[in-house]
Number of protein chains: 2
Amino acid sequence: MAKQVVPESARRRRRPTQQGTVLSERLIVHTALRVLREHGSTGLTARRLGTALGADPSTLYRYFAGMDDLTRAIGEELMGQALDSWSATGEWRTDLRALGVAIHSSYLAHPQAAALTASRVTGRPREIAVDETILGILRTAGFPDPTAVRLYHAFIDLSLAFAALDAGALALAEEARATDEEMWTSTYARLPADSYPHIAATARLLAARMPHSAYPAVLDTLLDSAAAQLAAVRPTATTRNRPAGRKPRPAGER
Amino acid sequence: MAKQVVPESARRRRRPTQQGTVLSERLIVHTALRVLREHGSTGLTARRLGTALGADPSTLYRYFAGMDDLTRAIGEELMGQALDSWSATGEWRTDLRALGVAIHSSYLAHPQAAALTASRVTGRPREIAVDETILGILRTAGFPDPTAVRLYHAFIDLSLAFAALDAGALALAEEARATDEEMWTSTYARLPADSYPHIAATARLLAARMPHSAYPAVLDTLLDSAAAQLAAVRPTATTRNRPAGRKPRPAGER
DNA sequence: ATCCTTATGCCAACACAGTTGACTCTACAT
DNA sequence: ATGTAGAGTCAACTGTGTTGGCATAAGGAT
């Protein structure tokens with residue numbers, strides 16, 4: 001492999017494509033997101049992306065080491081969008097919840113990309129920035145380091161895991177509408193009531209609840225538990241001591 | 001597509017392969033698990049599986065509609081192994097926890113297969129059996145139907161999501177030992193302390209905690225919350241009352 | 001303004017993927 | 001004992017990621 005990928009910052013010459021497009025990491029990633037949305041989570045191919053960009057497929061290898069590398073960059077982009085849509089208020093529980101919801105929403109906004117990307121730890125800058133932010137919130141709130149690390153771990157894994165799961169389900173539903181969505185809605189209804197009495201008894205409730213995400217509810221129980229732990233450590237302060245004067249929107253998402 | 005996949009039950013003739021193997025759905029799925037373990041989560045190909053079975057790749061299409069169908073069957077196998085390794089005691093919390101851990105363990109026992117499979121809802125028998133079991137435990141324990149359904153939803157999604165996430169991380173670590181595991185351990189340590197003070201301050205704790213799964217801890221907080229809700233409905237029975245401070249909060253979602 | 005270097009985009013080709021249609025042959029019902 | 005059709009095989013198709021070699025124009029140096 002004689003070829004080297006030139007890092008974006010060191011890129012000097014921008015030579016337009018035969019079809020006129022001027023490439024960049026940014027443009028490629030954004031186009032990839034579009035292709036994913038249009039062609040599904042398995043529809044991102046080097047050739048298709050090349051066509052969408054108006055460039056030869058092999059040109060991509062000047063920007064990314066391979067499709068896998070590009071995939072990681074897409075994940076990083078999703079994480080970046082989550083971070084951008086979030087802003088701190090100083091109240092730990094509010095901030096943590098908003099950040100979690102921002103991550104979840106950012107993934108669900110690009111289900112196909114998320115399904116492809118999620119559960120890949122990239123170690124790229126924006127992802128690390130999220131980690132630093134979470135730890136900062138927890139430690140500033142007064143959690144002792146071991147507790148903070150435990151909560152950080154639970155929080156980030158919970159959020160990523162649900163983002164992946166829900167995005168996967170959403171992507172599947174959007175792609176194979178004929179096959180899978182029908183399966184989803186009809187699966188429970190079609191089951192023989194005598195073999196599956198409990199499912200039969202709750203079929204209506206199931207059909208109503210399953211299309212929604214369980215993430216917010218589970219996140220809240222985690223935050224409840226965290227608040228209880230914090231109260232045990234600092235019985236006096238915790239959630240009560242906010243200035244109460246200023247209340248910037250808790251992270252507009254979507 | 002003129003070809004039809006004959007369901008396993010209706011299969012009459014078992015003609016040995018040129019190399020002597022007698023095929024079956026079971027054998028194919030088990031061999032696929034072995035191939036996955038040996039060649040990684042992207043290493044399961046029709047040709048490779050054919051070779052491993054001593055059969056022509058196209059023979060697989062007599063048993064499965066395509067590689068995607070085979071993938072679903074593999075997921076179903078994992079779910080079946082989880083269910084087989086579990087047994088009920090009658091105590092709802094014990095049973096639920098054990099079932100969750102069984103699912104999680106079953107996936108982690110085949111990380112590559114899990115990474116490929118997870119977050120695919122199959123709608124196959126064993127998966128539905130798990131759903132029925134969970135709902136049965138909750139309803140028998142005395143949870144009102146709406147609460148039972150809410151908890152079922154949170155429980156199964158939480159378990160599947162973490163199974164997928166943890167299996168993905170494990171598979172990645174086992175496959176690309178040179179690339180990613182090093183990245184994992186060294187990522188946090190290498191960061192400049194002035195840009196990422198919180199990560200730097202907790203680097204040791206992070207390195208100790210991150211290789212483990214957060215699933216058990218999160219599952220327990222969910223079960224805590226469930227127990228509290230049950231106590232509110234049936235104050236007399238089951239678990240002891242919660243430590244008086246918190247009300248379970250009905251967990252509004254979205 | 002002109003030249004040189006070389007980064008960057010393009011082309012052709014590789015091995016390998018999933019999948020299918022036509023075929024052979026043998027296991028079984030009769 | 002025989003006929004049938006279902007299981008396994010073969011060859012071929014399209015499409016995939018990826019690479020080595022090549023042409024060319026962008027941009028710094030003069």
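Naming convention: chains lettered A, B, ... in sequence-line order (proteins, then strands); numbering from 1 in each chain.
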Requested in this report: Check the pair B:Arg126, B:Val130 against side-chain contact (heavy atoms from CB on, under 4.5 Å), reporting the backbone distance first and the verdict last.
Outcome: CA-CA 6 Å; B:Arg126 320 288 307 259; B:Val130 168; 5.8 Å; no

Query raised in the report: Just checking, any donor-acceptor pair under 3.5 angstrom between side chains of B:Asp131 and B:Tyr152?
Result: yes

**Report entry** A:His30 atom NE2: more than 12 heavy-atom contacts under 6.0 Å
**Finding:** yes

Query raised in the report: Are the charged groups of A:Arg72 and A:Glu76 less than 4.0 angstrom apart, N to O?
Result: no

Query raised in the report: Under 4.0 Å between a side-chain N or O of A:Tyr63 and OP1 or OP2 of C:dG9?
Result: yes

Requested in this report: Search all heavy atoms of B:Gly66 against all heavy atoms of B:Tyr61 and return the closest pair with its distance.
Outcome: CA-CE2, 3.8 Å

Report summary line: From CG of B:Leu70 across to P of C:dG18 the rounded distance in Å is 10 Å

Requested in this report: Could you run through nucleotides 22-29 of chain D and give me one letter per nucleotide, 5' to 3': B if any protein heavy atom sits under 4.0 Å from the base, S if only the sugar-phosphate is that close, - if neither?
Outcome: -BBBBS--

**Report entry** Whichever of A:Ala55 and B:Pro57 has its nearest DNA chain C nucleotide further upstream toward 5'
**Finding:** A:Ala55

Report summary line: Expected list for residues 22-46 of chain B near DNA chain C, using heavy atoms below 4.0 Å, is B:Leu44, B:Thr45, B:Ala46

Query - Any donor-acceptor N or O pair under 3.5 Å, side chains B:Ser159, B:Tyr215 - result: yes

Requested in this report: Rounded to the nearest angstrom, tell me the gap between atom CZ in B:Arg47 and atom P in D:dA12.
Outcome: 13 Å

Query - Rounded distance (Å) that lies between atom P of D:dT9 and atom CG of B:Leu60 - result: 10 Å

**Report entry** Touch class at under 4.0 angstrom, heavy-atom based, for B:Phe64 against every strand present
**Finding:** nothing

**Report entry** A:Tyr61 side-chain proximity, nearest of C:dT19, D:dT9, D:dT18
**Finding:** D:dT18

Query raised in the report: Does OP1 or OP2 of C:dT19 have a side-chain N or O of B:Ser58 closer than 4.0 Å?
Result: no

**Report entry** Residues that B:Ala113 engages under side chain to side chain contact (heavy atoms under 4.5 Å, CB included), provided they are two or more places apart
**Finding:** B:Leu33, B:Leu36, B:Ile74, B:Leu78, B:His110

Report summary line: A:Tyr107 and A:Gly75 have their tightest heavy-atom pair at OH-O, 4.4 Å

Report task. To the nearest Å, give me how far apart CE (A:Met67) and P (D:dG17) are. Result -> 5 Å

